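Following: one structure in structure tokens, then a few remarks.
Counting starts at 1 for both ligands and their atoms, in listed order. Because the structure is a prediction, the values reported are computed rather than measured. These values consider heavy atoms only, across backbone and side chains, with no hydrogens, waters or symmetry-generated copies. Position 1 is the first residue of the sequence, and the numbers go up from there.
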Amino acid sequence: MADRIQALVALDSGVDSNYVQSLLPSGESFEVVGIINGLDESWRTLQETAPDLLLVVCSGYSDRTLYFIDSAVKAAPERPIVVLTTGSPNGFVRRVFESGADDILTLPDSSDQISFALEKAIARRRGAAVASGIALAPMICVLGPKGGTGKTLISSNLTVALAAAGHKSLLVDLDLQFGDVGLSLGLRPDKTIYDLARSSGSLDSEKLEAYLMRHASGARILLAPTRPDQASVVTVDFLRDLFTTLRTMSDYVIVDTPPGFTPEVIAAIDTSSHVCMVGMLDALSLKNTKLGLETLELMAYNPERIALVLNRADSRVGITGEDVEAIIGRVPDILIPSDRLIPLSVNEGEPIVLAEERSGAARSFRALAEMYIEAKDELEPAAVTAAAAAAAAPAPERAKRRFARRA
Ligand SMILES: Nc1ncnc2c1ncn2[C@@H]1O[C@H](COP(=O)(O)OP(=O)(O)O)[C@@H](O)[C@H]1O
Ligand SMILES: [Mg+2]
């Protein structure tokens with residue numbers, strides 16, 4: 001973006017102003033037009049400076065910050081608000097979006113990353129998609145509220161089903177501590193995302209290729225670290241670069257995630273063009289799935305680009321299709337049956353779409369792949385590019401109708 005961003009910075013008490021300023025972007029593109037200390041008596045400053053954007057900094061969960069955001073939104077609903085927190089955002093992310101903020105980042109993020117978030121918040125508010133100029137492949141982020149929901153099962157089978165249908169597909173295991181994509185696909189972790197993150201030099205496709213493991217189906221996989229303590233090497237900054245480069249190297253990029261909205265997962269959602277939300281057929285899981293969908297809504301994720309997949313959907317647990325619709329507020333796009341062949345195939349390291357082609361589960365995974373193939377065919381290349389830069393960009397009418405028909 002060519003325009004200089006004029007930001008007003010509001011610091012919650014206890015936040016070190018010098019520290020924050022050392023992390024903010026500098027130069028042509030960013031200017032701090034005022035600093036509010038303590039979040040009190042700030043309304044005059046807000047009115048006098050009329051910034052493009054409000055940057056609120058706190059150190060973890062803070063009711064004062066939530067109240068401040070809420071009031072700032074009421075005062076100027078069109079002005080974007082980005083929150084930086086120096087402490088853990090756990091339990092805070094949802095509240096921050098609910099209060100009306102556009103984004104939340106955990107410090108220390110690099111100033112590039114902060115710049116990116118600020119530009120994106122402004123672009124979203126202006127309804128503009130920041131076109132990157134390259135047609136990027138769809139990136140499907142597979143999300144689910146809890147462990148054991150079937151995220152890994154679905155992401156690995158979707159990836160393999162796309163490959164089997166003749167498309168170049170690439171899977172990233174973003175469950176950085178306990179990733180098990182390698183096991184479920186029977187791959188040896190010769191190289192993992194840990195090795196890639198530790199390697200020196202810039203990320204280009206030629207270099208990246210050397211870190212991708214190849215599955216028999218033709219799919220390429222970037223595996224999770226082999227030990228939990230290696231996860232911290234993988235930064236959000238690195239991931240943003242990584243996802244963009246991977247999207248230039250394949251027809252589809254699929255991302256398997258750990259449970260919850262961790263900073264890495266948020267970065268993946270932000271960069272993605274589609275979300276595949278996985279739920280299971282019990283009241284607790286459905287409630288969490290609904291919370292997940294609401295969080296995406298608060299993040300202004302385009303609802304046309306969210307698919308709902310219900311796993312273990314034939315369980316006789318006393319929940320009907322109508323119950324699901326009543327709890328979640330929408331009909332699932334794909335149902336995956338419970339099948340005892342699934343744990344068998346996981347243990348063998350052979351995905352069920354290949355191991356038991358004729359099973360109901362395999363058919364479901366092919367239907368899921370087909371849904372994304374159709375969605376991609378119907379997106380103009382330009383629209384795919386725009387989606388890369390702003391997931392909130394509106395889907396073309398035809399694709400919208402297609403998803404509406406499914407729903
Ligand atoms: N539809 C299903 N039928 C039978 N077993 C399933 C089904 N879905 C998942 N499982 C089993 O549950 C376990 C957890 O699934 P997984 O995909 O690893 O969940 P997540 O990645 O969400 O933690 C898998 O090992 C698999 O064997
Ligand atoms: Mg998993």
Side-chain angles (χ1 to χ4, degrees), residues 140-161 171-187 189 192-193 213 215 219 221-228 230-231 234 254-262 264-265 268-269 275-282 284-293 295 307-317 319 321 324 332-369:
I140 304 157
C141 194
V142 179
L143 298 181
K146 296 231 281 186
T149 322
K151 295 179 290 297
T152 301
L153 173 80
I154 289 166
S155 33
S156 44
N157 277 282
L158 170 62
T159 306
V160 169
L171 173 58
V172 180
D173 190 347
L174 198 60
D175 190 343
L176 298 175
Q177 293 206 341
F178 301 106
D180 44 13
V181 164
L183 280 176
S184 78
L185 291 177
L187 295 170
T192 73
I193 194 169
M213 300 296 106
H215 185 255
I221 327 284
L222 184 56
L223 293 174
T226 49
R227 291 202 323 260
Q230 296 176 337
V234 180
I254 291 93
V255 182
D256 183 23
T257 63
F261 288 88
T262 63
E264 295 79 36
V265 172
I269 296 172
V275 160
C276 176
M277 178 64 85
V278 183
M280 273 198 319
L281 209 51
D282 67 79
L284 216 64
S285 175
L286 289 177
K287 188 211 78 181
N288 289 328
T289 305
K290 183 171 159 51
L291 284 177
L293 288 171
T295 306
L308 179 61
V309 174
L310 218 51
N311 187 21
R312 297 176 184 271
D314 63 341
S315 315
R316 291 179 175 74
V317 288
I319 296 182
V324 171
D333 299 283
I334 301 281
L335 303 176
I336 296 163
S338 267
D339 191 332
R340 61 178 185 80
L341 293 173
I342 288 179
L344 283 177
S345 79
V346 171
N347 292 341
E348 297 274 313
E350 177 149 34
I352 192 156
V353 268
L354 299 183
E356 299 286 345
E357 280 182 29
R358 297 154 74 99
S359 63
R363 273 204 300 276
S364 296
F365 291 125
R366 281 195 295 272
L368 182 63

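- The protein atom (non-hydrogen) at minimum distance from atom 10 (N) of ligand 1 is R312 NH2, 3.1 Å.
- S184 pairs with exactly one of N347, T152, N157, I352 by the side chain to side chain contact (heavy atoms under 4.5 Å, CB included) rule, that one being T152.
- G150 N, 3.0 Å is the protein heavy atom nearest to atom 19 (O) of ligand 1.
- Annotation: the span from M277 atom CE to L310 atom CG amounts to 12.0 Å, rounded to 0.5 Å.
- Of the polar atoms of K151, at least one N or O is found under 3.5 Å from an N or O of ligand 1, judged by distance alone.
- The closest approach between a heavy atom of G144 and any atom of ligand 1 is not below 4.0 Å.
- Looking only at heavy atoms of the protein, atom 8 (N) of ligand 1 is closest to N311 ND2, 2.8 Å.
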Go through the steps to decide whether I140 and V275 satisfy the test side-chain contact (heavy atoms from CB on, under 4.5 Å), and finish with yes or no.
-> CA-CA 5 Å; I140 304 157; V275 160; over 6 Å; no

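- Residue T152: an N/O/S atom is found under 2.8 Å from the Mg ion (ligand 2).
- When all heavy atoms of T257 and C141 are compared, the closest pair comes out as CG2-SG, 4.0 Å.
- Less than 4.0 angstrom separates atom 6 (C) of ligand 1 from at least one non-hydrogen atom of the protein.
- Between C276 and I154, the closest heavy-atom pair is SG-CG2, 4.4 Å.
- Here the side chain of Q230 pairs a donor or acceptor atom with the backbone of T226 at under 3.5 angstrom.
- Among protein heavy atoms, atom 24 (C) of ligand 1 sits closest to V346 CG2, 4.6 Å.
- Counting protein heavy atoms under 4.0 angstrom from atom 13 (C) of ligand 1 gives zero.
- With values rounded to the nearest 0.5 angstrom, L223 atom CG is found 11.0 Å from D256 atom CG.
- Under a 4.0 Å criterion applied to the non-hydrogen atoms of G147, ligand 1 contributes the atoms 23 (O).
- Closest approach of L174 to P258, counting heavy atoms only: O-CD, 3.3 Å.
- Closest approach of G292 to F261, counting heavy atoms only: O-CZ, 3.9 Å.
- For ligand 1, the atoms sitting less than 4.0 Å from at least one non-hydrogen atom of T149 are 19 (O), 20 (P), 22 (O), numbered in the order shown with element in parentheses.
- Contacts between D175 and ligand 1 below 4.0 angstrom, taking non-hydrogen atoms only, are absent altogether.
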Please walk me through it: do E264 and L176 pass side-chain contact (heavy atoms from CB on, under 4.5 Å)?
-> CA-CA 9 Å; E264 295 79 36; L176 298 175; 3.8 Å; yes

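- Every atom of ligand 1 is numbered from 1 in the order shown, and the set under 4.0 Å from a heavy atom of P343 is 4 (C), 5 (N), 27 (O).
- S285 approaches P145 most closely through the heavy-atom pair O-CG, 4.2 Å.
- Looking at atom 20 (P) of ligand 1, its nearest protein heavy atom turns out to be G148 N, 3.4 Å.
- For atom 17 (O) of ligand 1, the closest non-hydrogen atom on the protein side is L153 N, 2.8 Å.
- Residue nearest to atom 18 (O) of ligand 1, selected from T257, I342, T152, V181: T152 (by heavy-atom distance).
- The nearest protein atom to atom 3 (N) of ligand 1, hydrogens excluded, is given as D339 N, 3.1 Å; this is a heavy-atom distance.
- Using 4.0 Å as the threshold, P337 has a heavy atom nearer than that to some atom of ligand 1.
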